[in-house]
2 protein chains.
Amino acid sequence: MDLRDTILGLLSWRPASGYDLKRIISNSEVFYWSGNNNQIYKSLIELQNEGLVTHQVHIQESLPAKKVYSITEKGLAVLHQSLLRAPEIPELRKGFLIQLAWAEILPDGEILALLEKYEQEIAGRLRMYQAQTARPGRSPDRSPREKYLWKRISENLSATTRTELEWVRQTQQDVRERKF
Amino acid sequence: MDLRDTILGLLSWRPASGYDLKRIISNSEVFYWSGNNNQIYKSLIELQNEGLVTHQVHIQESLPAKKVYSITEKGLAVLHQSLLRAPEIPELRKGFLIQLAWAEILPDGEILALLEKYEQEIAGRLRMYQAQTARPGRSPDRSPREKYLWKRISENLSATTRTELEWVRQTQQDVRERKF
DNA sequence: TAGAACATGTAAGACGTTACATGATTCA
DNA sequence: TGAATCATGTAACGTCTTACATGTTCTA
């Protein structure tokens, strides 16, 4: 599942401009790219050259014209193929664990301070996920099944973050009580 | 915590050759880079030019000579600074969630097949972590505290993976029972 | 009046991966 | 005899990010 597949997926939900895609990808944690123009506009041109998407120019009064992209039959077929590919294992990039790995050179107090800062960050992130899930209209909802799947996707991120929060709290407690 | 910091950290544990570092990084999930030569050998040269590491050539009979790198005082100071930086939030790249996001075009049976394949992958990964934790001598152990921290790091990955496993099993069950 | 939102695009560079190049030794 | 391990390095390429460039409209 690379950015191209993701764009095809988004367009299989509904037509969108490059700017729309940028906004969606930037604000989403699931679509984990930064949502920079360079990749998105280049990918759209590429996908169009391959006949997987088309676009129509919409002229707006008092706003710049925009190119609204739609997925083609061929694009849908390609998307279908990538959905059937073997699932990838998650890539977990936790810089904080590397920080902890060399924390031997720090006194207990500084390790605790780090753990507390990390807890704050994670707690904030969890609140963000929960607020985002509550907001309606942000996800495809073409059937009860699709609604369910998107709820589960959102719950996946929350569950992962909750586990992280429990982990850091337990670690804090152990360090405070010097349980080692 | 980038690759350079990670190399400094590893060298703060013990001197190592580029090849040693490559092996450690390749086999570790915490140090999440691929461990390719290009980055590692280039970083070592860079770090040496900045005076953060030095090396001694060890000539071995019946094996190629190697450059054994050590961290300098200056390198230790730089490492200390990066340990005190504000913790980064984990980057979770779960391609599978994106696959599920567009699974509306698949029948229940194919979604279930995907979920089962994913479960297998995750279960395998969890077994791998647990086996790796059991293996001794793979981590710094300069004090009970450091030993504890490394245990917690390893437990973090296991806990995250266990949560993922529970999530996929619950999702499977819901889809089987069509709970939506 | 300054900044955010809308809208499309390009340039430069950092970051990361695979594959290539070389060559001895060890093990199945 | 072929593959894996040890050991250092380079080339080519793909991915991803930040910043630049341009211009209007709306809001604080």
Side-chain angles (χ1 to χ4, degrees), chain A residues 1-7 10-11 15-50 53-69 82 88-89 91-93 95 98, chain B residues 1-7 10-11 15-50 53-69 82 88-89 91-93 95 98:
Chain A
M1 286 288 136
D2 60 10
L3 183 62
R4 285 167 45 108
D5 294 322
T6 301
I7 290 174
L10 286 165
L11 295 179
S17 66
Y19 191 79
D20 292 334
L21 295 171
K22 174 202 171 83
R23 226 179 335 93
I24 294 169
I25 292 170
S26 297
N27 298 326
S28 165
E29 283 297 314
V30 180
F31 311 127
Y32 50 78
W33 297 271
S34 73
N36 64 97
N37 295 346
N38 206 329
Q39 259 180 310
I40 290 173
Y41 288 108
K42 279 211 168 71
S43 297
L44 282 170
I45 288 164
E46 227 178 79
L47 290 168
Q48 179 154 39
N49 289 339
E50 295 166 28
V53 305
T54 42
H55 80 260
Q56 269 195 308
V57 177
H58 282 220
I59 291 162
Q60 306 171 102
E61 44 168 320
S62 87
L63 273 182
K66 62 177 169 183
K67 296 181 180 172
V68 177
Y69 286 87
S82 36
E88 301 153 27
I89 263 187
E91 268 179 73
L92 306 173
R93 304 184 172 200
I98 304 179
Chain B
M1 285 288 135
D2 61 9
L3 183 61
R4 285 167 44 108
D5 294 322
T6 302
I7 290 174
L10 285 165
L11 295 179
S17 67
Y19 191 78
D20 291 334
L21 296 171
K22 173 202 171 87
R23 229 183 330 93
I24 294 169
I25 292 170
S26 297
N27 298 326
S28 164
E29 283 297 315
V30 180
F31 311 126
Y32 50 77
W33 298 271
S34 73
N36 63 97
N37 297 346
N38 206 330
Q39 262 180 309
I40 290 173
Y41 288 107
K42 279 209 169 72
S43 297
L44 283 170
I45 290 164
E46 227 177 79
L47 289 169
Q48 179 154 40
N49 289 340
E50 296 167 27
V53 305
T54 41
H55 81 260
Q56 269 196 308
V57 177
H58 282 219
I59 290 161
Q60 308 171 99
E61 46 167 318
S62 87
L63 272 182
K66 62 178 170 182
K67 297 181 180 171
V68 177
Y69 287 86
S82 36
E88 300 154 26
I89 263 186
E91 268 180 73
L92 306 173
R93 303 185 172 202
I98 304 179

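In what follows, chains are A, B, ... by sequence order, proteins preceding strands, each numbered from 1.
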(request) Please report, rounded to the nearest Å, how far the P atom of C/dC15 is from the CZ atom of B/Arg93. (result) 13 Å
(request) Rounded to the nearest angstrom, tell me the gap between atom NE2 in A/His55 and atom P in C/dA7. (result) 15 Å
(request) List for me each residue that meets salt bridge (Lys or Arg N to Asp or Glu O under 4.0 Å) alongside A/Glu88, sequence neighbours excluded, and say none if there are none. (result) none
(request) Mind listing the residues from residues 33-40 of chain B sitting with a heavy atom below 4.0 Å of DNA chain D? Number order is fine. (result) B/Asn37, B/Asn38
(request) Shoot me the first and last contacting nucleotide of DNA chain D against chain B, ordered 5' to 3', at under 4.0 angstrom to non-hydrogen atoms. (result) D/dT5 to D/dA12
(message) With a cut-off of less than 4.0 Å, is there a side-chain N or O of A/Tyr19 near OP1 or OP2 of C/dT8?
(response) no
(request) Decide yes or no on side chain to side chain contact (heavy atoms under 4.5 Å, CB included) for A/Leu10 and A/Phe31, but give the supporting numbers first. (result) CA-CA 10 Å; A/Leu10 286 165; A/Phe31 311 127; 4.1 Å; yes
(message) C/dA7, OP1 or OP2 - any side-chain N/O from A/Gln60 closer than 4.0 Å?
(response) yes
(request) Specify the closest pair of heavy atoms between A/Asp5 and A/Ser82, including all atoms of both residues, with the distance to one decimal. (result) OD1-OG, 3.4 Å
(request) Kindly give the heavy-atom pair with the smallest separation between B/Ser26 and B/Gly35, and that separation in Å. (result) OG-O, 3.7 Å
(request) Quick one: label A/Lys42 by what it contacts on the DNA or RNA (base, sugar-phosphate, nothing), any heavy atom closer than 4.0 Å. (result) nothing
Which donor-acceptor pairs under 3.5 Å do side chains of residues 55-65 of chain B form with protein atoms, sequence neighbours excluded?
from, atom 1, to, atom 2, distance (Å)
B/His55, ND1, B/Gln48, OE1, 3.0
B/His55, ND1, B/Gln48, NE2, 3.2
B/Gln60, NE2, B/Pro64, O, 2.7

(message) Between P on C/dC15 and CD1 on B/Ile7, what's the gap in Å once rounded to a whole number?
(response) 13 Å
(message) Is there a side-chain contact between A/Asn37 and A/Tyr19 in this structure, where contact means two heavy atoms from C-beta onward sitting under 4.5 Å apart?
(response) no
(message) Can you see if the side chain of A/Ser17 gets near the phosphate of C/dT8 - specifically, an N or O under 4.0 Å from OP1 or OP2?
(response) yes
(request) Sugar-phosphate atoms are those with a prime plus P, OP1 and OP2; base atoms are the rest. Using that split, label each nucleotide of nucleotides 22-28 of chain C B, S or - for protein heavy atoms under 4.0 Å, 5' to 3'. (result) -B-SS--
(request) For residues 31-46 of chain B, pull every pair meeting salt bridge (Lys or Arg N to Asp or Glu O under 4.0 Å), keeping only residues two or more places apart or in separate chains. (result) B/Arg4-B/Glu46
(request) Identify whether any heavy atom of B/Arg4 sits under 4.0 Å from a base atom; if not, whether one sits that close to sugar-phosphate; answer base, sugar-phosphate or nothing. (result) nothing
(message) Less than 4.5 Å apart, side chain to side chain, heavy atoms only: is that true for A/Tyr32 and B/Ile98?
(response) yes
(message) Reading DNA chain D from 5' onward, which residue's closest nucleotide shows up sooner: A/Tyr32 or B/Val68?
(response) B/Val68
(request) Mind checking the CD1-CD1 spacing from B/Ile7 to B/Ile25? Nearest 0.5 Å is all I need. (result) 5.5 Å
(request) First locate atom OG1 of A/Thr54, then atom NZ of A/Lys67, and finally report the distance between them rounded to the nearest 0.5 Å. (result) 13.0 Å
(message) Using the rule given for side chain to side chain contact (heavy atoms under 4.5 Å, CB included), can you reason through A/Thr6 versus A/Leu21, listing the C-alpha separation, both sets of side-chain angles and the distance that settles it, and then say yes or no?
(response) CA-CA 10 Å; A/Thr6 301; A/Leu21 295 171; over 6 Å; no
